[in-house]
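Computed over heavy atoms, backbone and side chain alike; hydrogens, waters and symmetry mates excluded.
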There are 2 protein chains.
Amino acid sequence: MTKVKIHSKEIPVKTIARLSQYRRALLICSQKGKTHIFSHEIAAIQHVTAVQVRRDLMLIGFNGSLKQGYNIHDLVNVISEILDYEEGINVAIVGLGNFGRALFNYFYGKRSQLRIAAIFDNNMEKIGTEYNGVYCYSPYRVEEIVKRENIKIAILTVPPNRAVEVAKKLVDAGIKGILNYTSTPINVPDNVFLDEYDMITTMEKAAFFVKMNEMK
Amino acid sequence: MTKVKIHSKEIPVKTIARLSQYRRALLICSQKGKTHIFSHEIAAIQHVTAVQVRRDLMLIGFNGSLKQGYNIHDLVNVISEILDYEEGINVAIVGLGNFGRALFNYFYGKRSQLRIAAIFDNNMEKIGTEYNGVYCYSPYRVEEIVKRENIKIAILTVPPNRAVEVAKKLVDAGIKGILNYTSTPINVPDNVFLDEYDMITTMEKAAFFVKMNEMK
DNA sequence: ACAGTATTGTTATTGTATTAACAATAATAT
DNA sequence: ATATTATTGTTAATACAATAACAATACTGT
Ligand SMILES: NC(=O)c1ccc[n+]([C@@H]2O[C@H](COP(=O)([O-])OP(=O)(O)OC[C@H]3O[C@@H](n4cnc5c(N)ncnc54)[C@H](O)[C@@H]3O)[C@@H](O)[C@H]2O)c1
Ligand SMILES: NC(=O)c1ccc[n+]([C@@H]2O[C@H](COP(=O)([O-])OP(=O)(O)OC[C@H]3O[C@@H](n4cnc5c(N)ncnc54)[C@H](O)[C@@H]3O)[C@@H](O)[C@H]2O)c1
């Protein structure tokens with residue numbers, strides 16, 4: 001999928017990703033008491049060009065005013081209408097080790113419409129314990145709990161050698177999206193969203209650029 | 001920068017990023033005792049098309065054989081020659097909280113040519129302590145230590161409200177690349193590599209796709 | 001009143017990345 | 001021998017994204 005329809009208009013997926021970033025910038029400015037913002041201000045915060053911002057906003061049909069720029073409050077609402085899942089969406093963390101817990105603490109409560117509804121871990125000491133009021137279950141109960149809690153998305157942070165089997169179990173249970181952080185690439189059916197992130201890839205890219213910059 | 005020169009050929013930066021992924025797949029297969037691999041096998045592991053793989057390898061001038069595919073060992077060497085920094089490169093972790101420590105544990109020792117040479121944290125209890133033999137310094141000493149240890153890249157995991165000031169300090173000290181995980185966008189000069197990752201953006205994208213898939 | 005300025009909104013253009021198409025090749029099967 | 005198959009390597013075509021260009025607008029200062 002490279003484009004999606006909003007108001008019967010085709011919107012590039014990259015625009016969608018940027019909208020999320022724009023909203024972040026808008027919320028920061030809003031907290032500072034700003035009510036309006038110019039395209040170049042959003043651009044400066046999020047490392048894109050002002051033209052790109054205007055073009056994206058044009059695509060979603062949002063208009064600014066010539067002298068004041070864009071109304072922050074309204075724009076946040078329009079973006080939220082596009083991005084957010086009205087009834088909220090339930091998320092599970094699978095593998096509550098050091099990394100999983102760091103993500104959990106960070107993510108917990110940050111987005112009201114994204115609820116962490118369950119934790120899965122096969123460590124006996126963790127099973128049955130609550131973290132911030134979220135219950136930790138044995139992975140044997142994935143199918144049952146995913147259905148019962150209507151969980152749509154999983155954050156996968158189990159050890160790399162368990163990634164494939166656990167991912168399969170999640171998909172079989174009806175999970176609709178996986179954020180895979182386990183350095184082991186996994187495969188999912190077409191109708192399941194998958195994103196894989198590994199900081200080592202980023203680090204290697206960084207190292208490569210440093211090397212390149214020194215050469216010239 | 002969108003293209004780089006390798007052997008006087010222009011290589012897209014996206015190809016560079018994929019080479020890092022290919023190498024990961026190759027190393028996995030190599031460990032399993034495989035000596036040769038087909039383009040479609042690499043492709044299946046890393047979620048790209050076989051054509052893309054062949055095209056990328058063509059760009060770096062690597063040839064396979066018609067019936068056996070690509071020699072894994074040789075290909076790893078060629079990719080490493082392109083990506084890796086011969087003398088190795090020194091990295092610092094700035095902000096050793098839960099997230100920083102999780103990344104540290106993960107990254108530590110994974111890539112021989114990428115060494116973690118220092119930790120910076122302003123917590124008095126951490127300063128002066130060693131983690132896996134890596135010393136933790138006060139952020140006041142950034143300039144001194146970055147120069148002394150020849151540190152090129154920083155992993156930024158301080159609290160969001162400190163990100164901008166700490167990043168500035170790092171750049172002033174001569175850092176050449178920053179991996180910013182602090183949800184606060186920062187600005188760096190053109191000659192400094194910057195990558196910003198926030199799992200919430202990914203999560204919102206995932207939620208959006210789930211929503212989209214349910215609608216149709 | 002009018003020139004100057006800063007901004008939006010949109011179209012046109014350029015540039016880049018991906019995909020498709022297919023010739024070339026070498027092994028295998030008939 | 002000859003057809004069949006599976007693969008590489010490369011060029012051509014397509015699709016996509018970013019940038020440039022600029023008209024339209026509304027405010028400011030003179
Ligand atoms: N992508 C990145 O940048 C990045 C960074 C750090 C860690 N990681 C990866 O994240 C994963 C977790 O790292 P960590 O440092 O937290 O490791 P960890 O060992 O501390 O945590 C793993 C957790 O998974 C649990 N677990 C094991 N098998 C399980 C199963 N079948 N079902 C459910 N839970 C199970 C363990 O009990 C443990 O709590 C690893 O795969 C690691 O490679 C990725
Ligand atoms: N991008 C992501 O997906 C993601 C995930 C988790 C956390 N985070 C971010 O990572 C950062 C760290 O998260 P955490 O959970 O580890 O928080 P934390 O509070 O546990 O860790 C922050 C650490 O930074 C240290 N610190 C504070 N000021 C400093 C300074 N001026 N110089 C050096 N060190 C300093 C603190 O002593 C602490 O050890 C936060 O900005 C958080 O938002 C991002």
Side-chain angles (χ1 to χ4, degrees), chain A residues 1-22 25-26 29 34-72 74-75 78-79 190 205, chain B residues 1-22 25-26 29 34-72 74-75 78-79 190 205:
Chain A
M1 208 192 311
T2 59
K3 293 213 173 162
V4 294
K5 277 208 172 174
I6 313 275
H7 307 140
S8 73
K9 251 196 193 163
E10 298 267 299
I11 313 262
V13 164
K14 293 223 169 174
T15 293
I16 298 294
R18 281 191 296 265
L19 288 177
S20 161
Q21 292 186 275
Y22 298 162
L26 293 168
C29 293
K34 261 175 99 81
T35 62
H36 290 76
I37 194 167
F38 294 120
S39 59
H40 61 83
E41 292 179 294
I42 301 179
I45 301 177
Q46 294 292 353
H47 312 303
V48 294
T49 64
V51 185
Q52 184 87 76
V53 173
R54 291 205 300 278
R55 216 178 176 290
D56 287 337
L57 298 190
M58 187 194 82
L59 287 175
I60 63 171
F62 190 84
N63 292 311
S65 91
L66 213 38
K67 271 291 145 175
Q68 305 188 357
Y70 301 93
N71 179 302
I72 292 180
D74 292 352
L75 181 50
V78 169
I79 293 178
D190 269 0
K205 216 160 59 173
Chain B
M1 210 192 307
T2 60
K3 292 212 174 165
V4 293
K5 277 209 172 173
I6 312 277
H7 307 139
S8 72
K9 251 195 192 164
E10 297 266 300
I11 314 262
V13 164
K14 292 220 170 175
T15 293
I16 297 294
R18 281 192 297 265
L19 289 177
S20 162
Q21 290 186 276
Y22 298 162
L26 293 168
C29 293
K34 261 177 99 81
T35 61
H36 289 76
I37 194 167
F38 294 121
S39 58
H40 61 82
E41 292 179 295
I42 301 178
I45 301 177
Q46 294 293 353
H47 313 301
V48 294
T49 64
V51 186
Q52 184 88 78
V53 173
R54 291 206 299 279
R55 215 178 179 292
D56 286 339
L57 298 190
M58 186 195 82
L59 287 175
I60 62 169
F62 190 83
N63 292 310
S65 92
L66 212 39
K67 271 291 146 173
Q68 307 188 0
Y70 302 92
N71 179 302
I72 293 180
D74 291 353
L75 181 49
V78 169
I79 294 178
D190 270 358
K205 216 160 60 174

Which whole-number value in Å describes the distance from [X] [atom1] to [N] [atom2]?
X: A/Ile37; N: C/dT7; atom1: CD1; atom2: C1'; result: 14 Å
X: B/His36; N: C/dA26; atom1: NE2; atom2: P; result: 15 Å
X: B/Asp56; N: D/dG9; atom1: CG; atom2: P; result: 13 Å
X: B/Tyr70; N: C/dT25; atom1: OH; atom2: C1'; result: 13 Å
X: A/His40; N: C/dT8; atom1: NE2; atom2: P; result: 6 Å
X: A/His47; N: D/dA18; atom1: NE2; atom2: C1'; result: 18 Å
X: A/Ile11; N: D/dA18; atom1: CD1; atom2: P; result: 14 Å
X: B/Phe62; N: D/dT10; atom1: CZ; atom2: C1'; result: 17 Å

Gap between atom OG of B/Ser39 and atom CZ of B/Arg55 - 0.5 Å precision:
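These two atoms lie 14.0 Å from each other.
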Going 5' to 3' through nucleotides 20-30 of chain D, assign each nucleotide B (protein heavy atom under 4.0 Å from a base atom), S (under 4.0 Å only from sugar-phosphate atoms) or - (no protein heavy atom that close).
B----BSS---
Excluding sequence neighbours, so at least two apart, what forms side-chain hydrogen bond (donor to acceptor under 3.5 Å, both in side chains) with B/Gln52?
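For B/Gln52, no residue satisfies side-chain hydrogen bond (donor to acceptor under 3.5 Å, both in side chains) once neighbours in sequence are set aside.
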Is there side-chain contact between A/Met58 and A/Arg54, with at least one heavy-atom pair below 4.5 Å?
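No, side chains not in contact.
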A side-chain contact here means heavy atoms from C-beta on lying under 4.5 Å apart; do A/Phe62 and A/Ile79 qualify?
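No - every pair of side-chain heavy atoms lies 4.5 Å or more apart.
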For A/Ile37, which residues count as a side chain to side chain contact (heavy atoms under 4.5 Å, CB included) partner, sequence neighbours excluded?
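Only A/Leu26, A/Cys29, A/Lys34, A/Glu41, A/Ile42, A/Tyr70, A/Ile72 meet the side chain to side chain contact (heavy atoms under 4.5 Å, CB included) criterion with A/Ile37.
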How is B/Thr15 classified with respect to the nucleic acid when contacts are heavy atoms under 4.0 Å: base, sugar-phosphate, or nothing?
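No contact at all - B/Thr15 keeps every heavy atom at 4.0 Å or more from the nucleic acid.
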State, to 0.1 Å, how close B/His36 and B/Gln68 come at their nearest heavy-atom pair, and which atoms those are.
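Scanning both residues completely, I find the closest heavy atoms to be NE2-OE1, 3.0 Å.
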I need the minimum non-hydrogen distance between A/Thr49 and A/Ala43, along with the two atoms involved.
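Answer, listing the atom of A/Thr49 first, then A/Ala43: C-CB, 3.6 Å.
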Using only side-chain N and O atoms of A/Asn63, determine if any of them is under 4.0 Å from OP1 or OP2 of C/dG9.
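Yes.
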Counting heavy atoms from C-beta on, name the nucleotide in C/dT19, D/dA17, C/dT11 closest to the side chain of B/Thr49.
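Between C/dT19, D/dA17, C/dT11, the one nearest the side chain of B/Thr49 would be C/dT19.
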